[in-house]
There are 2 protein chains.
Amino acid sequence: MIRYIISIYHDGSMDKHKQPSDWHTKVLAVLRKNSGAVSAYEVLGELRVFNPKIAPPTVYRALNALAERGEVHRLESMNAYVASRSLKHQHAPVLSICDDCGRVEEYLAPQVISALSDITGQTGFTSTRQVIELHGRCISCRDRVTS
Amino acid sequence: MIRYIISIYHDGSMDKHKQPSDWHTKVLAVLRKNSGAVSAYEVLGELRVFNPKIAPPTVYRALNALAERGEVHRLESMNAYVASRSLKHQHAPVLSICDDCGRVEEYLAPQVISALSDITGQTGFTSTRQVIELHGRCISCRDRVTS
DNA sequence: ACCTGTTATGATACGTTATATCATATCTAT
DNA sequence: ATAGATATGATATAACGTATCATAACAGGT
């Protein structure tokens, strides 16, 4: 759906402006509906319900912008995305991914980050981005299944 | 062709171990020529020099097998691969990736792993695979460039 | 209001990464 | 030898991501 805003100028003339359709908001909404990883193309599929003409670059632009602002996390080991739960971290989160149910949790783990800093301190590597992802089984899946 | 190696133990028992296929060896050789990340299709390109008919699944099978045996690391954040330097780790390595020169280093960091265990201990998540990748700038690139 | 440079969006096409599938070949055990 | 399991070859296609160019919106100076 595309909505228009009518601008009326001093001289009485009018002008239609396409409202910047806020894909960012809609992409984020799709991710928030999910407790697990969602691929860019799954997002695309959902958004096509409203606008069949939306193309991959639109989704990727939104995802990248949201990721830069910390509102979504990219799951590097799955090529997928998840909405941030606790906004605005001081540092990179640890993400746990349940390979059974797909649920993703994020943890603030200063001790992990500081242990990583120790390494980089010793080696001279200057880190600008940290990817920390754990695969395994969440507690509910472990309890639920006989293993 | 599959060849086997027979191990004979003190007690006289024997064990057969599958020997790596030719492709495994060749894929590994390509990765070892490089100090940085190599994509599966770059490997494919190099192997096509010897056998123009080699197809993607062959390369991916070799890469997956090598990764399972710890001989290569998959760089999840780059969709690429790198040869292990120190074989047979006790636990997942920390991989540092220089975004300038592409060089990848691997570190054993028990403190990082144990900090991660603390999290999983508290939350009940059982982790079977850890992905820990640092992006940034290595010390030589930092020294080399005016920043 | 007009020009101008910058940034965002739309649209098309294509590039890159990875796997499903099925056929064939090889090994192991009996 | 034959059967079951495993590995390999080959084709096709799925899934993920981006380059590029055109158009539109915006902000600042005049």
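Throughout, protein chains are lettered first and strands after them, A, B, ... in sequence-line order, and every chain is numbered starting at 1.
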Quiz item: If each of B:A80 and A:K53 is mapped to the nucleotide of DNA chain C with the nearest heavy atom, which maps nearer the 5' terminus, i.e. the 5' end?
Solution: A:K53
Quiz item: Taking only N and O in the side chain of A:N79, is any of them less than 4.0 Å away from OP1 or OP2 of D:dA15?
Solution: no
Quiz prompt | Candidates D:dG9, D:dT11, C:dT12 - which lies nearest the side chain of A:P57 | solution = C:dT12
Quiz item: Expressed in angstrom and rounded to an integer, what is the separation of A:R48 atom CZ from C:dG10 atom P?
Solution: 13 Å
Quiz item: Roughly, in whole Å, what's the span from CG in A:D22 to C1' in C:dG10?
Solution: 16 Å
Practice problem: Could you check which of C:dT19, D:dT11, D:dT8 has an atom nearest any side-chain atom of B:N64? | Solution: C:dT19
Practice problem: Decide, yes or no, whether a salt bridge links A:E46 with A:K33 under the criterion of side-chain N to carboxylate O below 4.0 Å. | Solution: yes
Quiz item: Taking only side-chain nitrogens and oxygens of B:Y60, does any of them come within less than 4.0 Å of OP1 or OP2 of D:dA7?
Solution: no
Self-check item: Length of the line joining A:L44:CG and C:dA11:P, which is rounded to integer Å
Solution: 13 Å
Practice problem: Considering just the side-chain nitrogens and oxygens of B:W23, establish if one lies under 4.0 Å of OP1 or OP2 belonging to D:dG9. | Solution: yes
Quiz item: Is A:R129 salt-bridged to A:E76, cutoff N-O under 4.0 Å?
Solution: yes
Quiz prompt | A:L63 CG to D:dA15 P, straight-line distance once rounded to whole Å | solution = 18 Å
Quiz prompt | Polar side-chain contact A:R61-C:dG10 base: donor and acceptor under 3.5 Å | solution = yes
Quiz item: Does any N or O donor sit under 3.5 Å from an N or O acceptor when you compare the side chain of B:Y41 with the base of C:dA18?
Solution: yes
Quiz item: Rounded to the nearest Å, what distance is computed from the CZ atom of residue B:F50 to the P atom of nucleotide D:dG9?
Solution: 16 Å
Self-check item: Short side-chain to backbone donor-acceptor contact, A:E106 and A:R85, under 3.5 Å
Solution: yes
Exercise. Round to the nearest Å and state the distance from A:Y81 atom OH to D:dC16 atom C1'.
Key: 8 Å
Exercise. Rounded to the nearest angstrom, tell me the gap between atom CD in A:E42 and atom C1' in D:dA15.
Key: 10 Å
Quiz item: For D:dC16, does OP1 or OP2 lie under 4.0 Å from any side-chain N or O of A:S39?
Solution: yes
Quiz item: Can a side chain N or O of A:R74 be found less than 4.0 Å away from OP1 or OP2 on D:dC16?
Solution: no
Practice problem: Determine, for A:R103 against A:E105, whether the closest basic-nitrogen to carboxylate-oxygen distance falls under 4.0 angstrom. | Solution: yes
Practice problem: Determine yes or no for a side-chain-to-main-chain donor-acceptor pair under 3.5 angstrom, with B:Q122 supplying the side chain and B:I119 the backbone. | Solution: no
Quiz prompt | Of A:P56 and B:N51, the one whose closest DNA chain D nucleotide lies more 5' | solution = B:N51
Quiz item: What integer distance in Å separates A:E76:CD from C:dT17:C1'?
Solution: 14 Å
